[in-house]
Amino acid sequence: QPLLLDALIHSAPPSVVSLLTAASASCFKDPIQGISFACSAMYLCISRRYPPLVLKNIAEQSPEDTKNVKDETGMGLLAAQHIVGTMEQDARNKWILRPSYLSILKKCTKDKSLTRATNSFLDWWIKTKFLIGFCHQTSSSENCTDDYLLHKALSNDDTPPTVIKLLLALYPESASMP
């Protein structure tokens, strides 16, 4: 097993993961295992809640098709980010939105800004915005402003409704943009 995946599995410090990401360039480029390696690294990075920069570094090394892969449950990268960052299991082992997340989401949606968001919410949001762009079907840098995040999110069947709701609140003008 490649060292990068071992490091991610064992929650190595972000600086170690960043070094191993750069050192694992040949694994990402492998024509047979590259996508599998990249997807494993991305899902582990999301599930272990690594900082946005680590996620971006792994994504930059990943093959183009990585953005289209779904796990065994049918979740893509964006849905996985949403589950890890916003949900928890209740006493009956049913998945529910974390009350703290729901409270902040309501405030941000009502305020139409992120001024009352916590640091952990902002970290989640930075990664979510990045993954909306990363998972978008075109690799074009055209329309890469925040105003077009709604368009990109809506084109991805993996985008959770709460993310769409937040995007509509933060960027209301984007709903009428071509």
Side-chain angles (χ1 to χ4, degrees), residues 1-31 33-71 75-87 101 104-105 108 114 117-160 162-164 166-167 170-171 174:
Q1 178 158 305
L3 286 176
L4 175 60
L5 296 183
D6 265 349
L8 289 166
I9 288 168
H10 297 291
S11 300
S15 58
V16 171
V17 172
S18 292
L19 287 172
L20 290 172
T21 299
S24 299
S26 63
C27 294
F28 286 105
K29 291 180 176 128
D30 184 284
Q33 297 294 320
I35 293 172
S36 175
F37 176 77
C39 290
S40 296
M42 294 283 287
Y43 281 109
L44 283 166
C45 185
I46 290 167
S47 70
R48 298 287 194 254
R49 299 177 186 198
Y50 275 93
L53 184 59
V54 174
L55 182 65
K56 289 176 185 178
N57 287 342
I58 292 172
E60 287 171 1
Q61 296 284 333
S62 298
E64 181 73 19
D65 288 338
T66 303
K67 64 184 173 186
N68 301 321
V69 174
K70 304 217 184 261
D71 70 8
M75 278 193 298
L77 297 167
L78 190 54
Q81 167 65 15
H82 182 70
I83 295 290
V84 168
T86 66
M87 301 194 83
Y101 166 80
I104 294 168
L105 178 69
C108 293
L114 298 171
T118 61
N119 286 340
S120 63
F121 186 92
L122 291 173
D123 185 68
W124 169 83
W125 181 242
I126 290 166
K127 290 186 263 187
T128 298
K129 281 177 47 175
F130 171 75
L131 287 170
I132 289 170
F134 177 75
C135 295
H136 190 254
Q137 294 306 309
T138 63
S139 58
S140 167
S141 60
E142 183 180 310
N143 299 337
C144 61
T145 65
D146 284 352
D147 292 332
Y148 284 93
L149 277 173
L150 177 64
H151 293 69
K152 291 178 180 184
L154 287 170
S155 71
N156 185 346
D157 64 354
D158 204 41
T159 306
T162 55
V163 172
I164 300 295
L166 183 57
L167 285 167
L170 295 176
Y171 311 107
S174 64

Stepwise, does the side-chain contact (heavy atoms from CB on, under 4.5 Å) test hold for T162 with Y101?
CA-CA 11 Å; T162 55; Y101 166 80; 3.6 Å; yes
Please round to the nearest 0.5 Å and tell me the distance separating atom OH of Y43 and atom CG of L5.
14.0 Å
Point-to-point distance, once rounded to the nearest 0.5 Å, from OG1 of T159 to NE2 of H136
9.5 Å
Would you compute the distance between atom CG of N68 and atom SG of C135 and round it to the nearest 0.5 angstrom?
8.0 Å
Restricting to non-hydrogen atoms, name the atom on I9 and the atom on L44 that form the minimum distance, rounded to 0.1 Å.
CG1-CD1, 3.8 Å
With a 4.5 Å heavy-atom cut-off, do D30 and F37 have their side chains touching?
no
Got Y148 and S174 here, is their nearest side-chain heavy-atom distance under 4.5 Å?
no
Contact check, side chains of L78 and V163, non-hydrogen atoms, under 4.5 Å
no
I'd like to know whether NZ of K29 has more than 12 heavy-atom contacts from other residues, nucleotides or ligands below 6.0 angstrom.
no
Taking all atoms of both residues into account, what is the closest heavy-atom pair of V16 and A12, and its distance?
CG1-CB, 4.1 Å
Is the closest side-chain heavy-atom distance between I58 and Y50 below 4.5 Å?
no
side-chain contact (heavy atoms from CB on, under 4.5 Å) between F134 and L55, worked out:
CA-CA 11 Å; F134 177 75; L55 182 65; over 6 Å; no
Quick one: does N57's side chain have a donor or acceptor within less than 3.5 Å of a partner on S18's backbone?
no
CD1 (I83) and OG (S47) are apart, to the nearest 0.5 Å, by 12.5 Å
Heavy atoms of S11 and R48 approach each other most closely as OG-CD, 3.1 Å
What's the shortest heavy-atom distance between G133 and K152, and which atoms?
CA-CD, 4.3 Å
Any donor-acceptor N/O pair, S36 side chain to Q33 backbone, under 3.5 Å:
no
Drop me the distance from I104's CD1 to L122's CG, to the nearest 0.5 angstrom.
8.5 Å
Mind checking the CD-SG spacing from Q81 to C45? Nearest 0.5 Å is all I need.
9.0 Å
Return the minimal non-hydrogen interatomic distance between L77 and L131, and the atom names on each side.
O-CD1, 3.9 Å
Side chains of D158 and H82: does their closest heavy-atom pair fall under 4.5 Å?
no
For the residue pair W124 and F121, does the interplanar ring angle fall in the parallel (under 30°), tilted (30 to 60°) or perpendicular (over 60°) class?
tilted
For residues 123-132, pull every pair meeting salt bridge (charged side-chain N to carboxylate O under 4.0 Å, His left out), keeping only residues two or more places apart or in separate chains.
D123-K127, K129-D146
Which heavy atom in T66 sits nearest to a heavy atom in A38, and how many Å separate them?
OG1-CB, 3.6 Å
Could you check if a side-chain atom of Q61 sits within less than 4.5 angstrom of a side-chain atom of S24, using non-hydrogen atoms only?
no
Among L154, L167, L170, which one satisfies side chain to side chain contact (heavy atoms under 4.5 Å, CB included) with L149?
L167
